[in-house]
Amino acid sequence: MNVNYELTGPDGAPVVVLSNSLGTDLTLWDAQVPALAQEFQVLRYDQRGHGASPGKPGPYSLKQLSGDVLALLDTLGIRKAHFAGVSLGGMTGMWLAEHAPERVDRLALICTSADLGPASMWRDRAALVREKGTAAMVEPSLPKWFTPELAGREDVVAKFGGMLAAADAEGYAGCCEAIADMDLLDGLGRISAPTLVIAGAEDPATPPAHAEQIAAAVACARLEVLSPAAHLANAEQPEAVNRLLLEHFTRSL
Ligand SMILES: O=C(O)CCC(=O)CC(=O)O
């Protein structure tokens, strides 16, 4: 499946792939690209059914979402890259680091989880969105994505609410089903990529306990908890996240 992407930064520099969360698109990373592109080629893409990537009838699996990334890397002739993902993007990153370790250099997992049940909640949400569209998710999502000060700000509502309302209903639902069926916990111990795990202290969707669980199970992991930050911590705390990502992707081991 061909996904929409954007590649920014100096030719020949190491590549950092940026993977978006459920209901967002590649512009989720607007505050990261200028900082990362000083040192890296930044490859951001839209998860299927999000932004300008076409949706296909769901359900999807993390294997399929990860296959989209591998196909993109193959198309661009990129053998190995650093990878950063928010939530669903982080789940995609964990799947890749376990199953295609030769393609993942260092991993950064932002506000994500290896076990985000109950599955029935994700299936119910998929059904709701197939019936009512993604616009029905805007009101319940924004207070999870941002702490109260930001969640009500006009520009934030316009950008992130607009992104979510524009997501393809089938694409969003298919991604919900990928989360419902995900099976990442047992594989965490097989991840060998040096891993930075970032949590938002005020994230109600993937609270810091989920990040602690990942950091405890991955052999070479480091945990950072940011505050104030909810689920889209990279958008709420861009300077802190940029500093952590640059440090993680450049430090010598
Ligand atoms: O909308 C939510 O409840 C959070 C969604 C989630 O955790 C998956 C994602 O943001 O990619």
Side-chain angles (χ1 to χ4, degrees), residues 3 17-29 44-51 53 55 58-62 64-66 68-69 83-96 108-129 132-147 150-151 156-157 159-161 163-169 171-182 184-185 197-211 213-214 229-236 241:
V3 292
V17 178
L18 301 177
S19 180
N20 61 285
S21 62
L22 182 68
T24 66
D25 62 31
L26 55 70
T27 64
L28 170 65
W29 300 101
R44 54 177 176 167
Y45 73 98
D46 292 324
Q47 295 268 19
R48 59 169 72 185
H50 289 67
S53 288
Y60 309 150
S61 63
L62 282 184
Q64 287 171 318
L65 299 181
S66 302
D68 294 343
V69 178
F83 189 100
V86 174
S87 200
L88 178 65
M91 297 164 196
T92 309
M94 285 183 269
W95 194 98
L96 285 167
L109 304 173
I110 303 170
C111 298
T112 190
S113 173
D115 182 22
L116 196 57
S120 57
M121 186 274 283
W122 293 106
R123 294 194 207 293
D124 290 348
R125 193 188 296 189
L128 175 84
V129 166
K132 296 195 170 13
T134 51
M137 292 311 304
V138 172
E139 203 179 310
S141 296
L142 285 175
K144 291 192 252 180
W145 286 2
F146 297 101
T147 58
L150 274 193
V156 172
V157 174
K159 174 171 177 175
F160 289 90
M163 224 183 270
L164 176 48
D168 177 69
Y172 184 102
C175 287
C176 287
E177 289 160 334
I179 298 174
D181 289 339
M182 82 172 160
L184 292 171
L185 269 186
V197 186
I198 299 176
E202 292 81 22
D203 179 0
T206 51
H210 292 252
Q213 183 181 43
I214 295 168
H231 192 51
L232 301 187
N234 70 308
E236 184 144 18
V241 169

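Each ligand, and each atom within it, is numbered from 1 in the order the structure gives. Numbers here are sequence positions counted from 1. No hydrogens, no waters, no symmetry mates; every other heavy atom, side chains included, goes into these values.
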Novice: Find out whether Ser21 and Leu28 are in side-chain contact, i.e. whether some heavy atom of one side chain is under 4.5 Å from a heavy atom of the other.
Specialist: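 In short, these two side chains touch, coming nearer than 4.5 Å.
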
Novice: Output yes when Asp181 and Arg123 qualify as a salt bridge under the 4.0 Å nitrogen-oxygen rule, no when they do not.
Specialist: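 Looking at Arg123 together with Asp181, the answer is yes, because their closest N to O distance falls below 4.0 Å.
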
Novice: Compute whether any side-chain donor of one residue and acceptor of the other, for Asp25 and His50, lie under 3.5 angstrom apart.
Specialist: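 The criterion, which ignores hydrogens and geometry beyond distance, is not satisfied for His50 and Asp25.
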
Novice: Distance under 4.0 Å, heavy atoms only, partner ligand 1: which residues pass?
Specialist: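 Residue list for ligand 1: Ser21, Leu22, Ser87, Leu88, Leu116, Trp122, Arg125, Lys144, Ile179, Ala205, His231.
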
Novice: With Trp29 as reference, evaluate Thr24, Val241, Val86 under the side-chain contact (heavy atoms from CB on, under 4.5 Å) test and give the passing residue.
Specialist: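 Single side-chain contact (heavy atoms from CB on, under 4.5 Å) partner of Trp29 among Thr24, Val241, Val86: Val86.
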
Novice: Decide side-chain contact (heavy atoms from CB on, under 4.5 Å) for Leu128 and Met137; before the verdict, give the C-alpha distance in whole Å, the side-chain angles of both, and the deciding distance to 0.1 Å.
Specialist: CA-CA 9 Å; Leu128 175 84; Met137 292 311 304; 4.0 Å; yes

Novice: Mind checking whether Thr112 and Thr206 have side chains closer than 4.5 Å, heavy atoms only?
Specialist: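 The answer is no; the side chains never approach within 4.5 Å.
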
